[in-house]
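Just below is one structure, and these are the notes that go with it.
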Amino acid sequence: MIINRKFYRRNTLKVARDLLGCFLMREYRGKIWRAMTIETEAYHGEDDLACHASRGRTPRTEVMYGEPGCAYVYMIYGMYHCLNIVTEKKDFPAAVLIRGAKLCRRPTSTKSKTSDVYLDGPGKLCKFLHIDRKLNKWDITKGEKLWLEKGIPKVRPSEIKKSQRIGIDYAQYCREYLWRFSIKP
DNA sequence: TATACGATCACCT
DNA sequence: GGTGATCGTATAC
């Protein structure tokens with residue numbers, strides 16, 4: 001079931017947690033890839049010094065102020081892209097960074113062993129799924145090119161690990177927020 | 001116009 | 001543990 005806009009128009013931390021165990025779907029050149037989200041981070045509002053919108057509305061951050069359920073894709077370090085999902089009501093800047101996912105593949109042998117491919121890291125994830133700036137501002141509630149589907153069963157709170165966000169040492173006290181969520185192995 | 005640096009990763013020691 | 005690749009963005013001039 002495709003996740004609708006109402007799901008994203010909620011508190012960013014809740015969306016970040018609830019996106020764990022969901023399926024990230026990517027349609028590219030006639031193929032559809034499916035990956036289970038296993039790690040996310042929340043970036044919430046102008047008061048969050050780690051959030052790109054902490055310096056206000058700019059051409060780059062504009063998408064985060066728009067309707068929830070859109071993709072915010074930006075280039076980082078000149079060589080990687082990061083995929084975020086815009087959350088909260090219009091005009092409140094927030095997004096969930098998809099940091100990691102597990103590709104769903106068919107068994108490789110008759111012993112029914114699956115070959116798990118981990119897209120661990122936002123840059124690697126985007127590279128594999130061919131996600132780049134062309135998908136910035138893309139509406140991910142349409143079920144085309146890029147969207148998310150509900151995971152079954154839902155991940156239980158006891159299976160979710162909280163920790164500090166990565167690579168935001170500049171964010172002062174905000175670096176201590178436990179806004180990184182991952183599924184315990 | 002110029003410059004500093006980053007929501008990363010691969011590779012090195 | 002550390003560093004280089006590489007360029008869009010924000011900020012300063």
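Note on naming: letters A, B, ... go to the chains in the order of the sequence lines (proteins, then strands), and numbering restarts at 1 for each one.
With a cut-off of 3.5 Å on both pairing distances, the Watson-Crick or G-U wobble partner of dT1(B) is dA12(C). dT6(C) is unpaired under the criterion used here, namely a Watson-Crick or G-U wobble arrangement in which both key atom distances are under 3.5 Å.
Comparing dG1(C) with dA7(B), their C1' atoms sit 22 Å apart, to the nearest whole Å.
Nearest-nucleotide mapping onto DNA chain C: of Met79(A) and Arg133(A), the residue sitting toward the 5' end is Met79(A). Nearest-nucleotide assignment on DNA chain C puts the 5′-proximal partner with Tyr77(A), out of Tyr77(A) and His52(A).
Between Ile98(A) atom CD1 and dT8(B) atom P the separation is 14 Å, expressed in whole Å. The nearest whole Å value for the distance from the CG atom in Leu125(A) to the P atom in dA10(B) is 13 Å. If you take NZ of Lys127(A) and P of dA5(C), they are 17 Å apart, rounded to a whole angstrom. The CD1 atom of Ile76(A) sits 15 Å away from the P atom of dC7(C) (whole-angstrom rounding). Atom CE in Met64(A) sits roughly 12 Å away from atom P in dT9(C) (whole-Å rounding). Computed from coordinates, the Leu49(A) CG to dG6(B) P distance equals 14 Å when rounded to whole Å. When rounded to the nearest whole Å, the span between CG of Asn84(A) and C1' of dA7(B) equals 7 Å. Straight-line distance from the CZ atom of Arg55(A) to the C1' atom of dG6(B): 10 Å, rounded to whole Å.
Using a 4.0 Å heavy-atom cutoff across all strands shown, Gly123(A) reaches sugar-phosphate atoms only and no base atom. Contacts of Arg60(A) with the nucleic acid, taken as non-hydrogen atoms under 4.0 Å apart, involve only primed sugar atoms and P, OP1 or OP2. Within the nucleic acid shown, Ile166(A) comes within 4.0 Å of sugar-phosphate atoms alone, with no base atom in reach, counting heavy atoms only.
Minimum heavy-atom separation, Lys150(A) to Cys22(A): CA-SG, 4.3 Å.
Minimum atom distance to the side chain of Met75(A) is reached by dC7(C), of the listed dA10(B), dC7(C), dA7(B). The listed nucleotides are dA7(B), dA10(B), dT8(B); the one nearest the side chain of Lys124(A) is dA10(B).
Both Val86(A) and Ile76(A) are members of a single hydrophobic cluster when ILVMFWY side chains are connected at heavy-atom separations under 4.5 Å.
Side chains of Tyr72(A) and His52(A): a donor-acceptor N/O pair is present below 3.5 angstrom, by distance only.
Relative ring orientation between His130(A) and Tyr28(A) is described as parallel, the plane-to-plane angle staying below 30° on a 0-90° scale split at 30° and 60°. Relative orientation of the Tyr177(A) and Trp179(A) rings is tilted, given thresholds of 30° and 60° on the angle between their planes.
Distances shorter than 4.0 Å separate some side-chain N or O of Arg99(A) from OP1 or OP2 on dT8(B).
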